[in-house]
Amino acid sequence: MKTIFFIIVGAILNAISLNMFLIPAKVYASGFTGVSQLISSLLENTSFPISTGILYLIFNIPVTILGWMKVGKSFTIYSFLSVLMITFFLEIIPITVVSTDILLNAVFGGVIAAIGVGVTLKYGASTGGLDIIAMVLSRMKNKPIGGYFFILNGLIIMAAGFLFGWEKALYTLVALYVSSRVIDAVHTRHEKLTAMIVTKKGKEIQEAIHGRMVRGITIIPAKGAFSNHDKEMLMIVITRYELYDLELVLKEVDPNAFTNIIHTQGIYGFFRND
């Protein structure tokens, strides 16, 4: 239920970003949203105008199949729900000019869209399109997802320049750069942490952790220097997203466990990125 709530929040933010900032200023968003904007702009004065929302839905159908195969069924279902919600809110929220300053539109549109994308990714879904493609690449290479967004969106910048002038392309570049940085700030799955847990209930904590996540644990004998009591130190490397689950385990099994959380700079050897 929480995932669905944040999918709706993300969809509203994306729709606000487009209909109140980016579309009125003719600044283009990232991914399939930007492609949909470009094509919708080209078709708006023809006999077959199509809205950005409908084009966005159409483009996401083949990518949904990719997500189903490469990322996971639950993730893909939630992502397609996100696509449907974004399409819905794009159709019902009117296009409104909030500011005539193109730079303000680019920055605020980029930030609001990125928060929407980042929140959606953080809670187990995506906003479809290049989000899924970037997610697949991020899992394969274990790199921050924002960089992939920036690389994959180069084509949109070039297209905006050729079709509507290079000034629009430069403002689109600003919006995309802001988006990529904010997405990395919100979506932190690539970040790794090392937890060192000193406890008298090593076996119970080990079983509880393995009940919640698939992570290896190294158990090291330990002794309290002051109490002289025999203990165990459990060392485990997790993603930042798994820290919440680890905290729950420790509160439930051994609230008195001493835990040191360290930011992990790099990992050599096998680490499950699913």
Side-chain angles (χ1 to χ4, degrees), residues 10-46 49-56 58-60 63 86-87 89-90 93-121 126-135 137-138 141 143-187:
I12 293 171
L13 290 172
N14 273 278
I16 289 173
S17 165
L18 286 162
N19 283 359
M20 294 187 176
F21 295 95
L22 300 181
I23 290 177
K26 290 195 180 297
V27 173
Y28 296 92
S30 64
F32 281 8
T33 311
V35 174
S36 301
Q37 280 181 264
L38 283 167
I39 295 176
S40 180
S41 296
L42 291 172
L43 296 176
E44 65 182 354
N45 295 319
T46 67
I50 305 178
S51 69
T52 298
I54 298 301
L55 285 168
Y56 178 69
I58 293 170
F59 289 142
N60 271 284
V63 178
I86 290 173
T87 301
F89 287 117
L90 281 173
I93 295 175
I95 295 176
T96 307
V97 178
V98 176
S99 171
T100 56
D101 188 315
I102 191 169
L103 182 59
L104 286 177
N105 281 309
V107 171
F108 278 93
V111 169
I112 294 170
I115 293 172
V117 171
V119 165
T120 307
L121 287 169
S126 80
T127 54
L130 291 186
D131 292 7
I132 291 178
I133 297 172
M135 178 70 77
L137 291 172
S138 180
K141 302 294 186 181
K143 298 293 184 181
I145 198 170
Y148 289 113
F149 276 102
F150 199 67
I151 293 169
L152 292 170
N153 283 310
L155 185 61
I156 295 174
I157 297 170
M158 298 298 293
F162 280 116
L163 294 172
F164 302 106
W166 291 106
E167 183 182 61
K168 298 292 184 184
L170 292 174
Y171 283 116
T172 297
L173 181 62
V174 170
L176 297 184
Y177 178 80
V178 169
S179 294
S180 68
R181 299 282 70 79
V182 175
I183 288 169
D184 273 347
V186 178
H187 179 263

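Treat the numbers as computed from the prediction; the structure is a model and nothing was measured.
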Open item on the list: Is the shortest side-chain heavy-atom distance between V63 and F59 below 4.5 Å?
Closed with: no

- [ ] Determine whether V98 and F108 make a side-chain contact, defined as any pair of heavy atoms from C-beta on separated by less than 4.5 Å.
- [x]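 No, their side chains stay 4.5 Å or more apart.
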
Just verifying a value: how many Å separate [X] [atom1] and [Y] [atom2], rounded to the nearest 0.5 Å?
X: T52; Y: L38; atom1: OG1; atom2: CG; result: 9.5 Å
X: F32; Y: I39; atom1: CZ; atom2: CD1; result: 10.0 Å
X: I86; Y: N60; atom1: CD1; atom2: CG; result: 8.0 Å

Task: Set of residues satisfying side-chain hydrogen bond (donor to acceptor under 3.5 Å, both in side chains) with respect to S99, sequence neighbours excluded - done: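 None.
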
Expected list for residues 18-27: side-chain donor-acceptor pairs under 3.5 angstrom, two or more places apart:
unit_1 : atom_1 : unit_2 : atom_2 : d
N19    : ND2    : L90    : O      : 3.0
N19    : ND2    : I93    : O      : 2.6

Closest heavy-atom pair and its distance - [X], [Y]:
X: Y28; Y: Q37; value: CD2-CB, 3.4 Å
X: A113; Y: N14; value: O-OD1, 3.8 Å
X: V107; Y: V178; value: O-CG1, 4.0 Å
X: S17; Y: G109; value: OG-O, 2.6 Å
X: V174; Y: A106; value: CG1-CB, 4.4 Å

TODO: Would you confirm whether S40, through its side chain, and I50, through its main-chain N or O, come within 3.5 Å as a donor-acceptor pair?
DONE: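 Side chain of S40 to backbone of I50: a pair is present.
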
